[in-house]
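Only a predicted model underlies this, so the values are computations on that prediction, with no experimental measurement involved. These values consider heavy atoms only, across backbone and side chains, with no hydrogens, waters or symmetry-generated copies. In the text below, chain A, chain B and the rest are named by the order of the sequence lines, each starting its count at 1.
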Amino acid sequence: MIRVRFAPSPTGYFHVGGARTALYNWMLAKQSGGKFVLRIEDTDAERNKEEWVDGICNAMSWLGITWDEGPIRQSSRTKRHIEMALSLLEKGDAYYCDCRREDVEERNKASERTKQGYDGYCRDRKLEKSPTTVLRYKVPADGSTTVHDLVRGEVVVANENIDDFVLLKANESPLFVLANVVDDIDMEISHVLRAEEHLPNTPKAVLLFNSFGKEAPLFAHVPVLVNEKRQKLSKRRDRVAVEDFKDKGFLPEAMINYLALLGWSPKDNREFMTLDEMTAEFAIEDVGHSPSFFDEKKMEHFNGVYIRALSDSDFVGLLLPFLEKTTWWQGGDGNTAKLLALAPITKERVSLLGQATDLLLPVFAPEITIDEALFEKEVAPHASLISQVATLCANLDQFDAPSIEAMLRDLSATSEIPLRKLQSPIRVATTGAKAGLPLFELWEQTGKATVIDRLLASVQDASK
RNA sequence: GGCCCCAUCGUCUAGCGGUCUAGGACAUCACCCUCUCACGGUGAAGACACGGGUUCGAACCCCGUUGGGGCUGCCA
């Protein structure tokens with residue numbers, strides 16, 4: 001049975017890189033009926049905050065990445081970590097060390113050592129535990145350690161290049177590699193799928209598994225996601241929080257679909273797939289080896305496709321929260337009905353839910369504003385035409401799209417002004433924008449009285 | 001500096017020794033559709049980092065170079 005874990009540290013918001021790693025783990029587990037464990041790696045009390053845990057869980061839930069066990073706080077298992085570390089001391093695979101960082105650096109400088117890490121100074125000093133000692137792992141002096149990686153193949157590192165790393169801090173709190181390995185053992189993790197940044201410390205983990213007399217799980221290090229400068233996506237530097245994308249109006253299904261394709265593609269190279277389809281076809285061996293640029297533009301394209309595939313009522317339902325954030329949305333059954341009527345023509349004009357509000361504002365906002373320069377250019381020169389249209393509107397019995405269209409086409413024919421030219425001034429006068437929803441439908445939903453009011457108001461303004 | 005990973009259009013990728021005058025998608029540009037804008041359609045431009053091998057044959061295998069990235073903490 002495949003058991004995977006996704007192990008974020010709550011030191012910041014949940015970003016797309018983490019989301020992709022979580023997704024790959026999820027697919028790997030689910031494709032064979034395995035289990036997905038959510039483990040919060042919060043051993044560093046200084047840097048962790050509980051609210052980030054909520055953020056991570058919420059974002060994962062929103063994306064649809066569910067967990068079967070957890071969230072388990074690693075900090076709740078400290079006693080066990082210490083116990084295991086001490087078993088290593090007893091075995092002779094660990095030792096206490098009281099070197100300060102500066103001491104090590106000085107010695108390295110003096111010795112012309114090409115390496116810069118810990119030099120093993122305390123290896124045979126047989127120090128006792130004290131408030132200033134850390135517990136270090138005694139890496140074998142020679143030989144090499146091999147990581148069997150499902151995406152990289154075999155990675156072999158000479159033991160002489162692995163520093164005697166710290167297991168327990170001076171205050172006895174466990175460090176990352178130790179806690180990681182102990183938990184992976186206890187939680188019976190079969191596959192460790194994580195970002196490539198963890199590859200360098202994996203030999204250390206392998207060494208620990210060996211020392212504990214346990215078989216190491218299968219590793220799979222997937223390439224990192226990078227920004228436009230090809231650097232690893234960073235919580236501090238790059239604005240890539242899943243939460244932010246949600247607020248902009250990305251759909252979770254679209255994000256999941258796009259994210260999965262960053263580093264992996266199905267055999268037939270098709271792009272649009274459901275989570276189930278991807279899960280069925282996902283193969284960790286097929287994951288690429290080089291970093292991928294997280295291209296928000298392309299993800300937006302995916303989102304547009306997903307939005308257009310939404311039913312009108314689903315679209316409206318998803319839109320409501322965005323509308324409610326505006327100052328002008330009134331709600332109510334009448335408005336919801338109008339929204340539903342406008343859904344088909346709105347959907348195909350947005351790639352983010354958040355973009356729909358500008359399109360819908362002319363229909364629902366009591367007041368529109370027209371940029372002065374735009375007014376002078378598009379509206380003012382055509383005051384008489386606009387006034388004429390206002391009159392024609394007033395004479396319409398039915399103020400619906402077909403009637404409006406017929407009326408304007410008729411006017412276009414008699415005035416010999418092409419419809420494309422004719423619609424411009426009246427569009428700006430009634431919406432405040434040069435482009436937007438198709439005018440006939442837009443006017444129908446805006447309502448006869450409001451349209452005429454706005455037309456006449458602009459005629460008024462033009463004469464000033 | 002040391003260790004490790006990586007290398008096909010600007011970007012995401014297909015390709016796993018001959019079917020490659022290298023395919024698709026995003027972005028860009030042009031045209032068509034069209035009440036604006038979109039959507040949709042058609043088309044254009046655009047890549048195997050470089051140098052050596054191996055082989056009858058290399059984008060695919062090997063070595064080197066160059067370039068990029070990651071790690072190098074009593075962070076994860």
Side-chain angles (χ1 to χ4, degrees), chain A residues 7-11 41-44 46-48 74 97 99-101 108 113-118 132-136 147 149 151-152 155-158 160-163 165-177 179-180 194-203 221 223-224 226 228-232 258 261-272 286 288-295 297-302 304-305 308 345-351 359 404-405 408-409 412 418-424 426-428 431 433-442:
Chain A
S9 65
T11 56
E41 309 240 315
D42 59 348
T43 53
D44 186 359
E46 306 256 312
R47 297 173 13 125
N48 300 308
Q74 203 161 48
C97 164
C99 295
R100 294 177 311 161
R101 179 112 108 121
N108 283 340
R113 223 163 80 102
T114 51
K115 284 176 272 183
Q116 287 175 336
Y118 181 66
T132 59
T133 54
V134 298
L135 186 70
R136 284 187 187 274
V147 177
D149 194 288
V151 346
R152 311 272 154 194
V155 179
V156 184
V157 179
E160 62 176 333
N161 288 325
I162 305 174
D163 294 337
F165 55 97
V166 175
L167 263 12
L168 297 176
K169 295 189 199 183
N171 68 5
E172 276 216 313
S173 67
L175 256 345
F176 169 68
V177 183
N180 227 268
R194 68 227 299 199
E196 192 188 355
E197 67 207 76
H198 289 292
L199 189 53
N201 60 46
T202 305
H221 289 91
V224 292
V226 298
E228 61 288 332
K229 289 161 76 179
R230 301 243 122 221
Q231 296 164 314
K232 183 179 76 160
Y258 173 72
L261 261 22
L262 249 29
W264 174 78
S265 60
K267 281 279 177 273
D268 60 0
N269 206 23
R270 97 196 100 116
E271 295 202 303
F272 294 99
D286 292 340
H289 295 185
S290 49
S292 301
F293 169 61
F294 173 73
D295 187 354
K297 269 273 172 286
K298 183 153 183 175
M299 185 164 80
E300 204 175 303
H301 172 257
F302 270 61
V305 173
R308 271 169 255 132
I345 57 175
T346 306
K347 274 194 298 197
E348 66 183 24
R349 260 156 265 262
V350 298
S351 53
L359 250 21
I404 295 164
E405 176 170 7
L408 288 173
R409 284 194 187 280
S412 167
L419 194 53
R420 50 185 299 114
K421 291 272 184 197
L422 195 158
Q423 62 96 37
S424 180
I426 56 181
R427 170 183 290 281
V428 174
T431 71
K434 269 165 70 174
L437 259 20
L439 200 61
F440 316 141
E441 288 85 349
L442 179 113

Residues Arg194(A) and Thr202(A): side-chain donor-acceptor under 3.5 angstrom: yes
Listed nucleotide nearest any side-chain atom of Lys232(A), set C71(B), A25(B), C3(B): C71(B)
C60(B) versus G23(B) - spacing of their C1' atoms, nearest Å: 16 Å
Which nucleotide in C5(B), C26(B), G2(B) has an atom nearest any side-chain atom of His301(A): C26(B)
Any Arg230(A) side-chain N or O less than 4.0 Å from OP1/OP2 of C12(B): yes
Rounded P spacing from C29(B) to G67(B) in Å: 34 Å
Sugar-phosphate, base or nothing in reach of His221(A), heavy atoms under 4.0 Å: nothing
Among C74(B), C71(B), C75(B), the one nearest Asp44(A) by side-chain distance: C75(B)
Who pairs with C16(B) - Watson-Crick or G-U, where each distance is under 3.5 Å: none
Rounded distance in Å between the C1' positions of U21(B) and A25(B): 22 Å
Given RNA chain B, 5'-ward residue of the pair Leu175(A) and Leu261(A), judged by closest heavy atom: Leu261(A)
Below 4.0 Å: OP1/OP2 of A14(B) and any side-chain N or O of Ser265(A): yes
Nearest-Å distance once atom P is located in both U8(B) and A14(B): 10 Å
Complement of C26(B), any strand, by Watson-Crick or G-U distances under 3.5 angstrom: G10(B)
Nearest-Å distance for atom pair CZ/C1', residues Phe165(A) and C3(B): 15 Å
N/O (side chain, Ser292(A)) to phosphate O (OP1/OP2, U11(B)) under 4.0 Å: no
Side-chain N,O (Thr43(A)) to OP1/OP2 (A76(B)) below 4.0 Å: yes
Short side-chain N/O contact to U36(B) OP1/OP2 from Arg420(A), under 4.0 Å: yes
Backbone of Trp264(A) reached by a side-chain donor or acceptor of Asp286(A) within 3.5 Å: no
Reported CD1-to-CG distance for the pair Ile404(A) and Leu439(A), which is rounded to 0.5 angstrom: 7.5 Å
Per Gln231(A) side chain, nearest of listed nucleotides C3(B), G70(B), C12(B): G70(B)
Separation between SG of Cys97(A) and OH of Tyr118(A), rounded to the nearest 0.5 Å: 3.0 Å
OP1 or OP2 of C75(B) under 4.0 Å from side-chain N/O of Lys169(A): yes
Phosphate OP1/OP2 of C35(B) contacted by Arg409(A) side-chain N/O (<4.0 Å): yes
Test item: His221(A) side-chain N/O and Val151(A) main-chain N/O as donor-acceptor pair under 3.5 Å: no
Any residue meeting salt bridge (Lys or Arg N to Asp or Glu O under 4.0 Å) with Arg230(A), in chain and number order, not counting sequence neighbours: none
Minimum-distance nucleotide (side-chain atoms of Arg308(A) versus G68(B), G24(B), C39(B)): C39(B)
Sugar-phosphate, base or nothing in reach of Phe302(A), heavy atoms under 4.0 Å: nothing
Donor-acceptor contact below 3.5 Å, side chain Thr431(A) vs main chain Arg427(A): yes
Nucleotide C9(B), atom P - distance to CG of Asp295(A) in whole Å: 15 Å
Among C35(B), C5(B), C12(B), the nucleotide that comes nearest once only the side chain of Lys298(A) is considered: C12(B)
Side chain Asn48(A), main chain Asp42(A), donor-acceptor under 3.5 Å: yes
Sugar-phosphate, base or nothing in reach of Asn171(A), heavy atoms under 4.0 Å: nothing
Proximity to the side chain of Val157(A) - top-ranked nucleotide from C74(B), C4(B), C35(B): C4(B)
Gap in Å between the two P atoms, one belonging to C33(B) and one to G24(B), rounded: 25 Å
Leu437(A) or Arg47(A), whichever maps to the more 5' nucleotide of RNA chain B: Leu437(A)
Per Asp163(A) side chain, nearest of listed nucleotides C74(B), A76(B), U72(B): U72(B)
Sugar-phosphate only, base, or nothing, as touched by Gly263(A) at under 4.0 Å among non-hydrogen atoms: sugar-phosphate
Closest nucleotide among A7(B), G70(B), A14(B) to the His289(A) side chain: A7(B)
Sugar-phosphate, base or nothing in reach of Pro438(A), heavy atoms under 4.0 Å: base
From A76(B), C74(B), U13(B), nucleotide with atom closest to Val166(A) side chain: C74(B)
Gap in Å between the two C1' atoms, one belonging to C12(B) and one to C75(B), rounded: 32 Å
Base partner of C50(B), which must satisfy Watson-Crick or wobble distances under 3.5 Å: G64(B)
C16(B) and G51(B), which share atom name C1', separated by this distance in whole Å: 24 Å
Rounded distance in Å between the C1' positions of U65(B) and G73(B): 34 Å
Base-pairing mate for C31(B) - Watson-Crick or G-U, with both contacts under 3.5 Å: G41(B)
